[in-house]
Every structure is written in structure tokens, then in C-alpha cells.
Amino acid sequence: MINITLPDNTVHQYQSGTSGLEIAKNISEGLARNVLSVKVDGEVWDANRKINKDARIQLLTWNDLEGKATMWHSSAHLMAEAIEQLYPGVKFGIGPDIENGFYYDIDTGDKVLTDADLLTIEKKMIEIARGKQAFIREEVSKEEALRHFTQKGDEYKMELIGELTDGEITLYKSGSFTDLCRGPHIPDTGFIKAVKLTSIAGAYWRGDEKRKQLTRVYGITFPKAKELEEYLVLLEEAKKRDHRKLGKELELFTFSQKVGAGLPLWLPKGAQLRERLEQYLKQVQKEAGYLPVITPHIGNVNLYKTSGHFDKYGADSFRPITTPVEGEAFFLKPMNCPHHCEIFNTKPHSYKELPIRYAEFGTVYRYEQSGELHGLTRVRGFTQDDAHIFCTPDQIKPEFKAVIKIIMRIFKALDFNDFITQISLRDPKTPEKYIGSNENWEKAENAIKEVAIEEGLNTITVEGEAAFYGPKMDFMVRDAIGRKWQLGTIQVDYNLPERFDLTYIGSDNEKHRPVMIHRAPFGSMERFVAVLIEHCAGKFPIWLAPEQVIILPISEKYQKYAEKVSQFLINSDIRALIDDRSEKTGRKIRDAEMSKIPYMLIVGEKEESKNQVSVRKQGDGDLGIFSLESFAEMINSEVKRLQEVK
RNA sequence: GCCGGUGUAGCUCAGUUGGCCAGAGCAGCUGAUUUGUAAUCAGCUGGUCGGGGGUUCGAAUCCCUCCACCGGCUCCA
């Protein structure tokens, strides 16, 4: 007998060799019908795998992330089986579950899969799923595994097996399809009721662009058809928040083929929005002791040779600009730090001056691969809310903390609650990718880790994501369709001070090397605005809204009064405009609602006679009648409240 | 850069067995209407059918090529 502990801490005795599924049946038939897999002492197993030891178990269903993952992983197998039946001879790479569904990388040989084929595959999957094929786990030796895939001629699987340890290899068989797989899987394909293959894409084998590109098919499955429908509706809703769509609709920014791909053009409303964000941050930075600097858009190639960027990125940059006579070469500046180093170097510094914080909204240009460009989130010309802090080694921690404070203040003011804080460290396996001494790297990495703990930040740590010159802490958020983007960043740099030979005179009257901290709370104005648009679905907080109030006179007769209201608001520092078209009020309201202007003021006979306005809030409807003064007061206090988060 | 897809008016989209001067709604303009909480009516303007090349008596439609955009991959100082 074995002792099985359930999540409620009750202990039950079962025969050794009882499966999770059998335990579920013992609890209730209904539960058993929904069990996808089982967690045994923290490891997810097949629901029908025999348990031979005392264990703490948790039965996993569609309501558990791990249950979903099991189902999706099994769905990848189901799809592979369908594809193999439809297009014999294809070879398979890897086919994992992902956050929303699964994919499988496939070498389809000469067959090119298209969207039309996806429908055929979906049908086949449903057909196979209905057959309720069991997933059968089989432990095999390395030799047997190799034999199976050699016979099949699948070199990808053979490569994978070659890296596995003999004795730890399992195959999973379902229907006509056998796959190298560590599992676990759902009991049978019958759990899969709804299938949607979402897209088709190229993906390099093992993520290496020098190796063969396989065809990746993405899909998602559900235990009920209704859930698939709901998922598709959700996707549609998310698309409505897409900043590229809203940016066009709200006239915030645009792109022009003539100007060039990845070079955003800010329209008046977008420019106003961005300027307000910049003004806000400038104020915050002023309070925090930053000094403004301004540097040009190009810099001599030698500047980047000194900084090390030329060696690292020169080949992948826009080609240098050359002069007609002297034969000099200049780069469009890809970052501001080398310029700021030269500013630091204009005169000797005392330790008493440090930290020195140079801030600049600096526009930089980077050559991004054409396939990478994406709305405002990935562009070739963008403006960083950049600053470089030159400090003593002892000041790193307090300065780092002060920057975190600024970032948190901004995120709070904009209601960004759902972000990820990532600490990016070196990849210890490829030290050649980084410049700077081991000792300095360790110092910097430790400083960041300590600050994160001391500030109580909930962080994830990723090795190999550091910049080539130092470790960093990034603040990331998700866009409307779930993609992660880096916004704020704080980076420690021991390297540039070396390369630019930056020094300060310490209390000992000796020269010392300062440390640099690069930081950008927004990251780039372009990306930040993109994420902000998606975050608020285009309904900006009132202090940022390009237009705050629109006045809707009932008819031409009240035009004069509308102008009076408008003047009053403008004098009260409120951005107001008048809809003086000869349209019905319903129409004016509809148009104002759709352009997401926060407040509508309807004025007619009633209002004019008492010097009042009827207030309608975007999305919320009628708020009733206000005097001009009390409305202005309400708006101004709302603006103040939102902006003054500390 | 790579794989797959898309590209028709400012916007959203019809228009594929190749064939009258390429269509609709919205937006815009003009006029009528003077309007009370999500679309008043009428008329008009507007398109090198992404660019270039080719096949054909004839191309938005077929072929080639380039560009941009979309979904991924790789990359991201």
C-alpha cells in the first residue's frame, strides 16, 4: 500500500501502482472525466501512470495551468499525427505547449504549407481526436530510440536523442504517431473537442539562423467548442486595442513609405501626448537632481570606436555618413552615452560633485532588420528618455534605488500595475560576448541583485540577457496581444568610464574611476506611447488626453455661448474645442465618443440661461448639470490628482 | 535577413473562368436642415488598383521582380 496525500492534506491509502486517474475515479466520476494529468511530488505525470510510492498528488484539470499545458502538449502530438497522415514523409523538430496553445516545428520537405492547409489539418485532427486514441508511454533505451527514428529518417529527433542520457528516454505513442517525448500527456485524444490552428511561420532549427528553417504551425485547442469561440472573441477584442489601429484612428502617428520603414511620423495629437509625458518626466527629474544636456544626432566614427560600439554593432548599423572633402566618417547616433561621457570629460570633477546626472531626450537611429519593425514598438529612429549617472562605486546602490523610485512613480501615475521586473545577467557560458573585467561584472551583478531584494521588487533573473557592457534591470509590460516589451531600463556600466578614461578626484587627492548608470524610465517615447495606448485602449488619462473637453452646442443659436464656455475653459488651463457642425446632438455625441474625448459639454437654452453646462463623460454617459466654475474645478483637480502620484 | 500571408479612394471593404469609362459605406466638399445625450437628407469630389517589368487584341485579375504591411523566427547598444 502507498500513502497518497491530497491537496487538502488528507492522506489516503491505495494499492501500489494505482494511477492518478484511478484515484480521481475513487473521488468522483465527474472529476475523473476532467483529469488531464496529475502532479506527483511536484512533477507532472500522465494521469494513468502508475504511482508506486508515497506521494503528495494534485489532480490537474483544465482549470490548472499545468492541466492546460498537458492538453496543449498532447494537441501538438495530435497535430503531428494529422500532418503525418496528410503529408507522409514529413519530419518533426520540436512541438511544445506554449502560453496560449502549442506549436510544432516541421520539415515539410517540398510541400509548402499554406493557410488553406491548416483547415484540412484541423479537420483531420478533430477526426482523430474523436477516435479517443490513448497516449501510451514507453521507456526505451537510447539504442531503441535511435533505431526508431533512423528507420523513419528523422534526423532532427536523432539529434535530440543524441543529447539525452540513456535510461531517461521515453516515447509516446498515440494512434499511428510515435514521438520522442518526456510527456506527460492526457489520457486520450477525446479530451480535445475544439481545434484552431492559428498561424504558420518559419522557425530556425534550434533557434539558430545558420541552420535549416522549419515550418512552425501554431495552434490552440479546447475541451469545449464554446471556449474556442470565447477565445476568438477575446482575440478580436484585443486587436481593437492594438496601438497601430488606434494610432491611426485617433490620429496620433503614421508611417510613410516615402519617409522610410520604421521611421514614425508623430501627428499633432500624438506629438502633444508625447510632449506632455516628456514635460512630466522633466519635472520629476528636475526634482531628482538631473541636469539637462543636448547632443547632436551624429557623432564621429572614432567616438564609437572609443566606446566599443563600432566593433560590436558597426557592421549592422546604418552606413556611416562621409564628408565631401576631409574624408571623415560620422554615424547617426545609436545611443547617447558616448556623447555624455565627453560632456563629463570637459572638466575635472571632484568627488564632492558626484553623482552627476545628465539627462537628455535623445533621438537615436538603429538599423533594425526589416522583418523586425513593428508599429511604434520597434522602429529605426526613436527618442530615449535617457540619462547617465556618473557616481562613485558607493553611490551605485542609492542611485539605483532612486531610479527605481522614479520608474515606480511613473508606472503608478499611469496605472501600469501589470509589469515584470527582470534582472539580466551575463551568460556564464559565453564570456567572450561581453567586455569588461570579471571582477567588475560581479560587482555590478551583485549590486543589482541586492537592490532588488532591498527594494522588495518581485523580479525574475535571466542569464544571457545582459547588455554587452554590463548587467541591467528592465521593466517589461505586455501589449494587447500578449507580447512582452521592455520599457524602463537601468544598466550599470563599468566599461565606458574605462574606455573614455573618465575620472574624478577623490578625498585622497587621487584620480578615481566613476561608475556609470544608464537609465530610461520610459525606455523610448515611441514604445512607451505604444504600450500606453494599448494599456488604456486609447482612453488616455485626462492629463494626457490631446483634447480634454468638447463643447457641443445644440444648435447654431448657442454658438456664442459655446465660445464663451470654451474661452473660460482655456483660461482655466483646460484643452477644449467646439463641435460647431450643423449636426444633431446625437451625432455630435457619437463622434465625440468615438474619438475618445474624455468630456462632452452639451450647451443649449437651459445651460446658457444659468451659465452652466451639461456634462457627459466618455464611456459613462450623462453626469448632469454643472456650473462652469465647478466643472473646471473638477477637471483640474482630477488632472492634479492623477499627476501627483508619488 | 528568413518562412508564410496581405496590398483596390483618407478609412473599412466589394470586385478572380482576364473584357463596357473600377464599385459601396464612412470621411471630405456644397446645399438644405437648427437639431437635447451614440449616425438628418440630397448632390458632388476623390483611385498611377503598392512600384517596375512581362504575357495578351485586352490585366486590379496571370507570370517575374522590388517595396511596404501582417503573423512568426533570428536579432535588439
Side-chain angles (χ1 to χ4, degrees), chain A residues 103 105 108 112-118 198-218 239 242 244-245 248-249 251 254-258 260-262 304 307-314 316-317 333-338 364 366-375 377-380 384 435 465-470 472 481 483 485-486 489 491 493 495-496 518 524 527 552-559 581-594 600-607 614-624:
Chain A
Y103 68 77
D105 284 347
T108 54
V112 176
L113 281 185
T114 65
D115 289 344
D117 298 318
L118 295 186
T198 45
S199 70
I200 200 162
Y204 301 105
W205 171 234
R206 315 215 83 176
D208 184 345
E209 75 181 310
K210 289 184 192 69
R211 303 196 67 177
K212 181 157 182 169
Q213 190 163 50
L214 307 179
T215 303
R216 175 172 297 178
V217 181
Y218 284 90
K239 274 191 198 153
D242 192 312
R244 292 164 298 184
K245 184 176 159 69
K248 195 182 272 181
E249 285 171 7
E251 298 175 5
T254 189
F255 290 91
S256 149
Q257 271 194 48
K258 271 206 188 101
Y304 304 103
S307 72
H309 293 108
F310 180 83
D311 281 347
K312 187 82 183 170
Y313 294 103
D316 300 319
S317 297
K333 78 171 165 187
M335 77 286 300
N336 307 297
C337 30
V364 297
R366 296 177 184 177
Y367 178 77
E368 303 286 1
Q369 299 187 109
S370 62
E372 260 313 325
L373 301 173
H374 184 96
T377 51
R378 191 80 186 266
V379 288
R380 284 176 172 165
Q384 297 175 313
I435 51 182
E465 284 292 303
F468 75 95
Y469 51 75
K472 55 181 183 168
I481 30 186
R483 286 176 289 219
W485 295 99
Q486 176 208 305
T489 182
Q491 315 183 351
D493 186 353
N495 173 57
L496 279 185
H518 309 243
S524 94
R527 182 175 290 178
L552 314 179
I554 293 297
S555 81
E556 249 168 45
K557 279 183 265 175
Y558 310 104
Q559 175 68 15
R581 295 174 304 165
S582 93
E583 293 288 353
K584 290 176 151 180
T585 306
R587 174 54 183 270
K588 291 185 182 180
I589 286 169
R590 179 185 153 82
D591 289 346
E593 286 279 350
M594 297 215 300
M600 286 152 266
L601 299 184
I602 294 142
V603 296
E605 176 63 37
K606 273 190 297 192
E607 291 78 10
S614 281
V615 180
R616 182 185 164 104
K617 191 169 182 178
Q618 202 273 343
D620 285 355
D622 198 353
L623 296 188

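Chain letters run A, B, ... following the sequence lines, proteins first and then strands; every chain starts at 1.
- For the pair Asp316(A) CG and G1(B) P, the interatomic distance rounds to 12 Å; values are reported in whole Å.
- The CZ-C1' distance, from Arg581(A) to C41(B), rounds to 15 Å in whole Å.
- Rounding to the nearest 0.5 Å gives a distance of 8.5 Å between CZ of Arg216(A) and CG of Leu214(A).
- Between Arg378(A) atom CZ and G1(B) atom P there is a gap of 14 Å when expressed in whole angstrom units.
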What dot-bracket string describes RNA chain B from 5' to 3', counting Watson-Crick and G-U wobble pairs whose defining distances are under 3.5 Å, with [ ] for crossing pairs and | for pairs to another strand?
(((((((..((((.....[...)))).(((((.......))))).....(((((..]....))))))))))))....
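- Per the geometry, CD belonging to Gln486(A) stands 14 Å off C1' belonging to C75(B), to the nearest Å.
- Residues meeting the side-chain contact (heavy atoms from CB on, under 4.5 Å) test with Lys248(A), sequence neighbours left out: none.
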Please list, pair by pair, any protein nitrogen or oxygen found under 3.5 Å from a nitrogen or oxygen in nucleotides 29-34 of chain B.
{"from": "U33(B)", "atom 1": "N3", "to": "Ser582(A)", "atom 2": "OG", "distance (Å)": "2.9"}
{"from": "U33(B)", "atom 1": "O4", "to": "Ser582(A)", "atom 2": "OG", "distance (Å)": "2.8"}
{"from": "U34(B)", "atom 1": "O2", "to": "Glu556(A)", "atom 2": "N", "distance (Å)": "2.9"}
{"from": "U34(B)", "atom 1": "N3", "to": "Glu556(A)", "atom 2": "OE2", "distance (Å)": "3.2"}
{"from": "U34(B)", "atom 1": "O4", "to": "Glu556(A)", "atom 2": "OE2", "distance (Å)": "2.5"}

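- Rounded to the nearest Å, the gap between the C1' atom of U55(B) and that of C13(B) is 30 Å.
- One interatomic measurement links the two molecules: NZ of Lys258(A) to P of U48(B), which rounds to 12 Å at whole-angstrom precision.
- A donor-acceptor pair under 3.5 Å is absent between the side-chain atoms of Arg211(A) and the main chain of Tyr204(A), judged by distance alone.
- Along RNA chain B, the nucleotide closest to Gly604(A) and the one closest to Asp242(A) are compared, and the more 5′ of them pairs with Gly604(A).
- Within 4.0 Å of Glu605(A), counting heavy atoms only, lies at least one base atom of the nucleic acid.
- For G46(B) and G7(B), the P atoms lie 25 Å apart once the distance is rounded to whole Å.
- Taking atom P on both C21(B) and C63(B), the two are 24 Å apart, rounded to the nearest angstrom.
- Nucleotides U16(B) and A60(B), compared at atom P, are 14 Å apart to the nearest Å.
- With centroids closer than 5.5 Å and planes inclined by less than 30 degrees as the test, Tyr313(A) and the base of A77(B) pass as a stacked pair.
- Residues meeting the salt bridge (Lys or Arg N to Asp or Glu O under 4.0 Å) test with Lys588(A), sequence neighbours left out: none.
- Between Lys312(A) atom NZ and His309(A) atom NE2 the span is 10.0 Å, to the nearest 0.5 Å.
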Listing time: all N or O pairs from protein to nucleotides 37-39 of chain B that are below 3.5 Å?
{"from": "U37(B)", "atom 1": "O2'", "to": "Arg616(A)", "atom 2": "NH1", "distance (Å)": "3.2"}
{"from": "U37(B)", "atom 1": "O2", "to": "Arg616(A)", "atom 2": "NH1", "distance (Å)": "3.2"}
{"from": "U37(B)", "atom 1": "O4", "to": "Ser614(A)", "atom 2": "OG", "distance (Å)": "3.4"}
{"from": "A38(B)", "atom 1": "N7", "to": "Arg616(A)", "atom 2": "NH2", "distance (Å)": "3.2"}
{"from": "A38(B)", "atom 1": "N6", "to": "Glu593(A)", "atom 2": "OE1", "distance (Å)": "3.2"}
{"from": "A39(B)", "atom 1": "N9", "to": "Arg590(A)", "atom 2": "NE", "distance (Å)": "3.4"}
{"from": "A39(B)", "atom 1": "N7", "to": "Arg590(A)", "atom 2": "NE", "distance (Å)": "3.3"}
{"from": "A39(B)", "atom 1": "N7", "to": "Arg590(A)", "atom 2": "NH1", "distance (Å)": "3.0"}
{"from": "A39(B)", "atom 1": "N7", "to": "Arg590(A)", "atom 2": "NH2", "distance (Å)": "3.3"}
{"from": "A39(B)", "atom 1": "N6", "to": "Arg590(A)", "atom 2": "NH2", "distance (Å)": "2.6"}
{"from": "A39(B)", "atom 1": "N1", "to": "Arg590(A)", "atom 2": "NH2", "distance (Å)": "3.3"}

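- Look at the C1' atom in both U61(B) and A27(B): the space between them is 29 Å, to the nearest Å.
- Arg380(A) contributes no side-chain N or O that, together with a main-chain N or O of Tyr367(A), makes up a donor-acceptor pair within less than 3.5 Å.
- In this entry the distance linking CZ of Arg216(A) with P of C73(B) reads 6 Å, nearest Å.
- Comparing the same atom, P, in A9(B) and in U33(B) gives a spacing of 36 Å after rounding to whole Å.
- Residues satisfying the side-chain contact (heavy atoms from CB on, under 4.5 Å) test with Thr254(A), not counting sequence neighbours, are Leu265(A), Leu267(A).
- In this view, Thr489(A) and Lys472(A), Asp474(A), Gln486(A), Gln491(A), Ala520(A) satisfy the side-chain contact (heavy atoms from CB on, under 4.5 Å) rule, not counting sequence neighbours.
- Between Met600(A) and Ile589(A), the shortest heavy-atom distance links the atoms SD-O, 4.0 Å.
- Contact of Glu209(A) with C2(B) (side chain to base): no donor-acceptor pair of N or O atoms is detected under 3.5 Å.
- Atom CD1 in Ile200(A) sits roughly 14 Å away from atom P in G72(B) (whole-Å rounding).
- Between Ala201(A) and Arg527(A), it is Ala201(A) whose nearest contact on RNA chain B lies nearer the 5' terminus.
- The pair Lys557(A)-Glu605(A) fails the salt-bridge criterion, with no side-chain N (NZ, NE, NH1 or NH2) lying under 4.0 Å from an Asp/Glu carboxylate O.
- Between the Glu593(A) side chain and the Gly619(A) main chain, a donor and an acceptor come within less than 3.5 Å of each other.
- Spacing between atom CD of Glu251(A) and atom P of G28(B) amounts to 10 Å, rounded to whole angstrom units.
- For Tyr558(A) against G36(B), a side-chain-to-base donor-acceptor contact under 3.5 Å is absent.
- Only the P atoms considered, C2(B) is 13 Å distant from U65(B), to the nearest whole Å.
- Checking side-chain atoms of Thr198(A) against main-chain N and O of Tyr218(A) turns up a donor-acceptor pair under 3.5 Å.
- Annotation: side-chain contact (heavy atoms from CB on, under 4.5 Å) contacts of Lys584(A) (sequence neighbours excluded): none.
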Sort me out a list of protein N/O and nucleotides 10-14 of chain B N/O pairs below 3.5 Å, or just none if empty.
none

Please tabulate, one pair per line, each protein N/O and nucleotide N/O from nucleotides 66-69 of chain B that are separated by under 3.5 Å, including the distance.
{"from": "C67(B)", "atom 1": "O2'", "to": "Gln257(A)", "atom 2": "OE1", "distance (Å)": "3.4"}

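- Residues passing the ring pair (Phe, Tyr, Trp, His ring centres under 6.0 Å) test with His518(A) are His388(A), Tyr469(A), sequence neighbours excluded.
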All N/O pairs under 3.5 Å across the protein-nucleotides 62-65 of chain B interface:
none

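- Rounded to the nearest Å, the gap between the C1' atom of C67(B) and that of G53(B) is 14 Å.
- Between Leu113(A) atom CG and Ile200(A) atom CD1 the span is 4.5 Å, to the nearest 0.5 Å.
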